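All values derive from a computational prediction rather than experimental measurement. All values below were derived from every heavy atom in this structure, side-chain atoms included, with hydrogens, water molecules and symmetry-related copies excluded.
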Amino acid sequence: MPTILAIESSCDETAAAVCRDSNILSNVIFSQKIHEQYGGVVPELASRAHLQSIVTVVDAALKDASVSLDEIDAFAFTQSPGLLGALLVGAGFAKSLALSFNKPLIAVHHMQAHVLANLIPTTSPNNLTGFPFLCLTVSGGHTQIVLCTDYLKMKVIGQTLDDAAGEAFDKSAKILGLPYPGGPLIDKYAKDGDARKYSFPEPKIDGLNFSFSGLKTAILYFVRNEKIKNANFVEENLHDICASIQSRIVSILLNKLKKAANQFGINEICIAGGVSANSGLRMAFETMGKKEGWKTHIPAFEYCTDNAAMIAITAYYKFLEKKFEDYSVVPSARMNIEVW
Ligand code: KG4
Ligand code: ZN
């Protein structure tokens, strides 16, 4: 019954969680607000903010779990991918704890953790149980379709050739003059908009890969042209524009997911990552799942965007397989591996 403390610091959330077996005892997330004014994450500011808040966040995770440091059996951290300076803070902190308490150190791949967020036990009845499954992992930095054949055996079978789905949301939002991160705002405004009002192109990309850069350019020119005719175009039509953009991003994602499910003959399907918090995607995914006869799984809302609970659950499965690191392990900004 291992108790694990996990730290996530790959981007702009400082997060810590404690799990006992696969049960999450605490999940604390500090979202750095400093980046809003810059329209995107500033790496140096992210590292500094992680340094300033990591002690408080870890302390809160231990207190929420009613667990003391000497009860921890292993310390886990996000190794990659992410911002190097930000990753170093979490890695350094976890290493120091592991060294001081003479306990194993576990390095976790952030994208693998997003997928395994689907394995966190929740009260929802459709918890994922079987392998193989497919997971559409959609975040601010990645868009992947992952074939998962065991807890730690994953293969990327499709991915974006340019922008990630989260970037498509955030960059579209920026074109509309909305602050960073724009994804949740597009979601909010889309709720009472007409998704059929404006039509944006679906890229023709072979196989299971994605591309979002053409969509971004199409939105940029569309908005620019409409603003020449009416300077208040965006303000007057914000809800319909957001609904139309969201509906196109969602259809690009789900059409490829359907193709993957058919190609691999798999009907156990998950979504994960920050964009899986999108209400339009969640709804359309469930609708497609019913039509296609899928068993659909979506992580609880708090486990979609970056969090340390997903790092903890991945670390738990690594603990069972004794996948430990020595103290020389270093984080890496990119990890271009296709198979975990
Ligand atoms: O997984 P995540 O928290 O961080 C990364 O690993 O990148 O994903 C962040 C991304 C951002 O692009 C953010 O705009 C997007 O997820 N996002 C959303 C929503 N909530 C977060 N996009 C659309 N609708 C949402 N509700
Ligand atoms: Zn993430």
Side chains of [Y] and [X]: any donor to acceptor distance under 3.5 Å?
| X | Y | result |
| --- | --- | --- |
| Asn118 | His297 | no |
| Thr314 | Gln112 | no |
| Asn278 | Gln246 | yes |
| Thr137 | Gln144 | no |
| His114 | Asp306 | yes |
| Arg282 | Ser279 | no |
| His50 | Asp12 | no |
| Ser213 | Asp162 | yes |
| Asn307 | Glu302 | no |
| Ser9 | Thr14 | no |
| Glu236 | Asn230 | yes |
| Glu71 | Ser68 | yes |

Contact summary for [X] and [Y], nearest pair of heavy atoms:
| X | Y | value |
| --- | --- | --- |
| Ala284 | Val250 | CB-CG1, 3.6 Å |
| Ser80 | Ser332 | CB-O, 2.7 Å |
| Ala309 | Ala17 | N-CB, 3.5 Å |
| Met310 | Ala117 | CB-CB, 4.0 Å |
| Ala300 | Thr122 | CB-CG2, 4.1 Å |

Using the ring centroid of each side chain, check whether [X] and [Y] are separated by less than 6.0 Å.
| X | Y | result |
| --- | --- | --- |
| Phe75 | Phe77 | no |
| Phe233 | Tyr198 | yes |
| Tyr38 | Tyr180 | no |

Can you tell if the side chain of Val18 reaches within under 4.5 Å of the side chain of Leu62, non-hydrogen atoms only?
yes
Side chains of Gln37 and Ile34, heavy atoms from C-beta outward: is any pair under 4.5 Å?
yes
Check this for me: Lys188, atom NZ, are more than 12 non-hydrogen atoms of other residues, nucleotides or ligands nearer than 6.0 Å?
no
Inspect the surroundings of CZ in Phe301 and state if more than 12 heavy atoms from other residues, nucleotides or ligands are less than 6.0 Å away.
no
May I ask you to decide if the ring planes of Phe200 and Phe222 are parallel, tilted or perpendicular, using 30° and 60° as cut-offs?
perpendicular
[atom1]/[X] to [atom2]/[Y] distance, rounded to the nearest 0.5 angstrom?
| X | Y | atom1 | atom2 | answer |
| --- | --- | --- | --- | --- |
| Ile4 | Ile106 | CD1 | CD1 | 4.5 Å |
| Leu116 | Met154 | CG | CE | 3.5 Å |
| Leu208 | Lys259 | CG | NZ | 6.5 Å |

Would Leu220 and Val234 show up in the same hydrophobic cluster when neighbours are defined by side-chain heavy atoms closer than 4.5 Å?
yes
Under a single-linkage definition using a 4.5 Å side-chain heavy-atom cutoff for Ile, Leu, Val, Met, Phe, Trp and Tyr, are Ile7 and Phe30 assigned to the same hydrophobic cluster?
no
Tell me whether Asp59 is salt-bridged to Lys63, with the criterion being a basic N under 4.0 Å from an acidic carboxylate O.
yes
Would you call Lys229-Glu226 a salt bridge at under 4.0 Å N-O?
yes
Going through the distances and angles, do Phe133 and Phe131 end up as a ring-ring contact (aromatic ring centres under 6.0 Å, His included)?
CA-CA 5 Å; Phe133 65 79; Phe131 298 100; 5.6 Å; yes
Dump the intermediate steps for side chain to side chain donor-acceptor pair (under 3.5 Å) on His110 and Glu8, then the final yes or no.
CA-CA 8 Å; His110 183 88; Glu8 152 64 33; 3.0 Å; yes
Could you tabulate the donor-acceptor pairs under 3.5 Å formed by side-chain atoms of residues 84-102, not counting sequence neighbours?
unit_1	atom_1	unit_2	atom_2	d
Lys95	NZ	Tyr327	O	3.1
Lys95	NZ	Val329	O	2.5
Ser96	OG	Gly92	O	2.5
Ser100	OG	Ser96	O	2.5

